[in-house]
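To start, the structure itself, in structure tokens.
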Amino acid sequence: MKTRHNSISWRLPLLAALAACESPTGVPLPAGAVRFTPPSVYRQWWTLTEQCSGRQGSFDAVSWYVVPDSVTLPGTNGFNGEWYSAGDRIVLAGGEDGISTGDLVRHEMLHAILRGGGHPRDMFVGRCGGVVVCAAECLSDGGPAPPPDPAARSEPASTLDVTVDVVPDAPGAATWDGYLMMIVHAHNPENYPVLAQRGGFGYELRGPGGTVRYNLPAEVPEETRFAAGGTKSFIFDFHVTGQLGNRYHITPDTWTFNGSYGGVPAASPPTVTVSP
């Protein structure tokens, strides 16, 4: 039997449709918001957000809401998610499986952990870049990027070592409610700071039934700046479903998870079986 080969390429930037913010005290929840029980992976995402921010918060204090079938939250400026300080509530737009968009969810988690509005650039881009999404209003709100290190040397992306981790080790529907993370790392092995001539994280998933590619160009200059011996990472989140429909879905199969930075792929990408 001949295997049908499907190749799906996504090269979509994180647009304003992934915007998110904090809502002031006393503002009512968006129309149609209903409470939901967060999947178990949310606790893992919360821990990651605590780690990148260097702050701690109470996951159990947060109440979770979703507006089903909505692409953006009604009554907002096109936001996909909001943290409400009153009652410590997070509301997500439910369209396109919104509760599975880990980078957006972690953005709202960061608001809850920081206990404040605004988007301080050192947190949303500097410390937690690659963990939370920060685009459009988030970037403008956070102010300009800091100046680059004058000692940094301009180097091709091939100077960096690219590796990939898949978490958990044996992903499938029975673990973390079917969620998994592909974490791509770009490491500067040099003893001097490097300014990568080309940035952007991406992946290529190769399986018996086809290949799926996704490339995300560098949106901020900080992503191309590496301290001596420094590492930058980017999390690609997946949810095990019965179809490949968008960036956040993956089907049960045996996949080779090949990540890249600046178009340079990992030298030894892992092959992992995703169970139904």
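With contacts defined as side-chain heavy-atom distances shorter than 4.5 Å, the pair V272/P171 qualifies. Residues I90 and Y65 are not in side-chain contact: their nearest non-hydrogen atoms beyond the backbone lie 4.5 Å or more apart. Residues P252 and S275 fail the side-chain proximity criterion, which asks for heavy atoms closer than 4.5 Å. Residues M182 and I235 are not in side-chain contact: their nearest non-hydrogen atoms beyond the backbone lie 4.5 Å or more apart. Residues C52 and R106 form no side-chain contact, since every pair of their non-hydrogen atoms from C-beta on lies 4.5 Å or further apart. D237 is not listed as a side-chain neighbour of T101, based on a closest heavy-atom distance of 4.5 Å or more. V132 places none of its side-chain heavy atoms less than 4.5 Å from the side chain of H119. Side-chain contact check for W64 versus V66: every heavy-atom pair is 4.5 Å or farther apart.
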All N/O donor-acceptor pairs, side-chain side in residues 156-170, below 3.5 Å, sequence neighbours left out:
unit_1: T159; atom_1: OG1; unit_2: P156; atom_2: O; d: 3.0
unit_1: D165; atom_1: OD2; unit_2: H185; atom_2: NE2; d: 2.8

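Under the 4.5 Å side-chain heavy-atom criterion for Ile, Leu, Val, Met, Phe, Trp and Tyr, F201 and L205 are members of the same hydrophobic cluster. Linking ILVMFWY side-chain heavy atoms closer than 4.5 Å, directly or via other members, places Y214 and V240 in a single hydrophobic cluster. Under the 4.5 Å side-chain contact rule for hydrophobic residues, V220 and V194 do not share a cluster. In terms of hydrophobic clustering, with Ile, Leu, Val, Met, Phe, Trp and Tyr side chains grouped at heavy-atom distances under 4.5 Å, V131 and F59 are assigned to a common cluster. The hydrophobic clustering, which links ILVMFWY residues whose side-chain heavy atoms are closer than 4.5 Å, places Y203 and V274 together.
Counted within 6.0 Å of CD on Q56, heavy atoms from surrounding residues, nucleotides or ligands total 12 or fewer; the atom is thus considered open. With a 6.0 Å radius and a threshold of 12 heavy atoms from other residues, nucleotides or ligands, D69 has its CG atom at or below the threshold.
Between R153 and E190 no salt bridge is recorded (no basic side-chain N to carboxylate O distance below 4.0 Å). We find that D88 and R115 are joined by a salt bridge, their nearest charged nitrogen and carboxylate oxygen being less than 4.0 Å apart.
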If you apply the rule ring pair (Phe, Tyr, Trp, His ring centres under 6.0 Å), what do you find for F124 with H111, and how did you get there? CA-CA 9 Å; F124 283 84; H111 276 301; 5.1 Å; yes
Go through E82 and R89 one step at a time and tell me if the salt bridge (charged side-chain N to carboxylate O under 4.0 Å, His left out) criterion holds. CA-CA 8 Å; E82 280 197 291; R89 297 169 293 177; over 6 Å; no
Could you walk me through whether Q44 and Y42 pass the side-chain hydrogen bond (donor to acceptor under 3.5 Å, both in side chains) check? CA-CA 5 Å; Q44 307 297 326; Y42 275 33; over 6 Å; no
Given ring pair (Phe, Tyr, Trp, His ring centres under 6.0 Å), test F238 with F236 step by step and report yes or no. CA-CA 7 Å; F238 298 100; F236 291 104; 7.2 Å; no
Could you please spell out the steps behind the side-chain hydrogen bond (donor to acceptor under 3.5 Å, both in side chains) verdict for E155 and Y192? CA-CA 11 Å; E155 301 275 6; Y192 54 83; 2.9 Å; yes
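In this model, a donor atom of one side chain and an acceptor atom of the other lie less than 3.5 Å apart for D103 and Y248.
The heavy-atom pair separating A145 from P221 by the smallest distance is CB-CG, 3.5 Å.
Under the 6.0 Å distance and 45° angle rule, K232 does not count as a cation-pi partner of Y261.
The stretch residues 200-209 participates, sequence neighbours left out, in these salt bridge (Lys or Arg N to Asp or Glu O under 4.0 Å) pairs: E204-R206, E204-R213.
Taking the six-membered ring for Trp, W176 and Y179 have ring centres at least 6.0 Å apart.
A donor-acceptor distance shorter than 3.5 angstrom exists from the side chain of W46 to the backbone of G57, with no hydrogens or angles considered.
To the nearest 0.5 Å, atom CH2 of residue W45 and atom CG of residue L110 are 15.0 Å apart.
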